[in-house]
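Encoded as structure tokens, the structure appears first; notes follow it.
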2 protein chains.
Amino acid sequence: MRSPLSSQQAEQIAPLLKALADPVRLRLLSLVASHADGEACVCDLTDAFELSQPTISHHLKVLHEVGLLDRSKRGVWVYYQLRTEALAGLAALIDDGAR
Amino acid sequence: MRSPLSSQQAEQIAPLLKALADPVRLRLLSLVASHADGEACVCDLTDAFELSQPTISHHLKVLHEVGLLDRSKRGVWVYYQLRTEALAGLAALIDDGAR
DNA sequence: CGATGACATTGACAAACGTCTATGTCTTTG
DNA sequence: CAAAGACATAGACGTTTGTCAATGTCATCG
């Protein structure tokens, strides 16, 4: 790694990692990513867990707020979609630290 | 992303991300990585923060326990070293999710 | 041996987190 | 308009987390 992170940089990156650092949210992301057309509605996701619908809704909100998931409402359903650039950018940052 | 993560996979990865998901620990990692010879003793690290020595010691322990830092004692000093493979592996995992 | 200094451990405490139940909002349909 | 269904929000509650002060351990040096 070239030069140490500044406090500001560290506090920018940490929330992204924090959003990712939960087993349920990791699975949510991967479920969305592996779904047909790269998007999934909340109903699909809720069915994949033994958790209440509000809990899933909460996790999706966290992922959306840090910019890892896009959100689009169509009719009664809400579809979430992976923001691959955001994830790829984070991966690049981490990988950079390893070289 | 090809196939969704299993619960087991997710619960293996999450602790690593959790260890990374703190501004202080991010800076600690980058400080160690950018230090001469790729290692730093606790005294060097403590000086870089306005935090108590036990707090730094705690964060280093967290990073060590998940395998991101190696620990070696030489005389009175303890040196920490970045485990680049661990970090690179994590980066690869995340990047994989983005493709 | 006794003092000093580097680092770890313990215990305490407030803040943040993950989950649930209850309720709200908004859209569709009869 | 009324009922039903998809999703979000609010509030509550136990658990985890980040921090500190106090103390412990161990190596070094007079």
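Heavy atoms only: backbone and side chains are in, while hydrogens, waters and symmetry mates are out. A, B, ... follow the sequence lines: proteins, then strands. Residue 1 opens every chain.
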Report task. Pick base, sugar-phosphate or nothing for A:Arg25, based on heavy-atom distances below 4.0 Å to the nucleic acid. Result -> sugar-phosphate
Query raised in the report: So, do B:Val32 and B:Leu28 sit near enough that their side-chain heavy atoms are less than 4.5 Å apart?
Result: no
Report task. Determine whether B:Leu90 and B:Leu20 make a side-chain contact, defined as any pair of heavy atoms from C-beta on separated by less than 4.5 Å. Result -> yes
Query raised in the report: At what distance, to the nearest 0.5 angstrom, does CG of A:Leu68 lie from CD of A:Glu85?
Result: 10.0 Å
Query raised in the report: Would you say the side-chain atoms of B:Thr84 and A:Arg99 include a donor-acceptor pair closer than 3.5 Å?
Result: no
Requested in this report: Select from A:Lys18 and A:Leu51 the residue whose nearest nucleotide in DNA chain C is closer to the 5' end of that strand.
Outcome: A:Lys18
Requested in this report: Sequence neighbours left out, what pairs pass disulfide bond (SG atoms under 2.5 Å apart) with at least one residue falling in residues 51-85 of chain B?
Outcome: none
Requested in this report: For nucleotides 2-15 of chain D, just jot down a letter per nucleotide in 5' to 3' order: B, S or -, based on protein non-hydrogen atoms under 4.0 Å.
Outcome: ----SBBB------
Contacts table for residues 36-57 of chain B: side-chain donor-acceptor under 3.5 angstrom, sequence neighbours left out:
| from | atom 1 | to | atom 2 | distance (Å) |
| --- | --- | --- | --- | --- |
| B:Glu39 | OE2 | B:Arg74 | NH2 | 2.7 |
| B:Thr46 | OG1 | B:Val42 | O | 2.9 |
| B:Ser52 | OG | B:Thr55 | N | 3.4 |
| B:Ser52 | OG | B:Thr55 | OG1 | 2.9 |

**Report entry** Interatomic distance, B:Phe49 CZ vs D:dC20 C1' [rounded to whole Å]
**Finding:** 17 Å
Report summary line: chain B vs DNA chain C, heavy-atom contacts under 4.0 Å, first-to-last nucleotide span, 5' to 3', is C:dA6 to C:dT9
Run the side-chain donor-acceptor check on residues 58-67 of chain B: report pairs under 3.5 Å with partners two or more places apart or on a different chain.
| from | atom 1 | to | atom 2 | distance (Å) |
| --- | --- | --- | --- | --- |
| B:His59 | ND1 | B:Arg25 | NH1 | 3.0 |
| B:His64 | ND1 | B:Leu69 | O | 2.9 |

Query raised in the report: What pairs with B:Ala92 under side-chain contact (heavy atoms from CB on, under 4.5 Å), at least two apart in sequence or on another chain?
Result: none
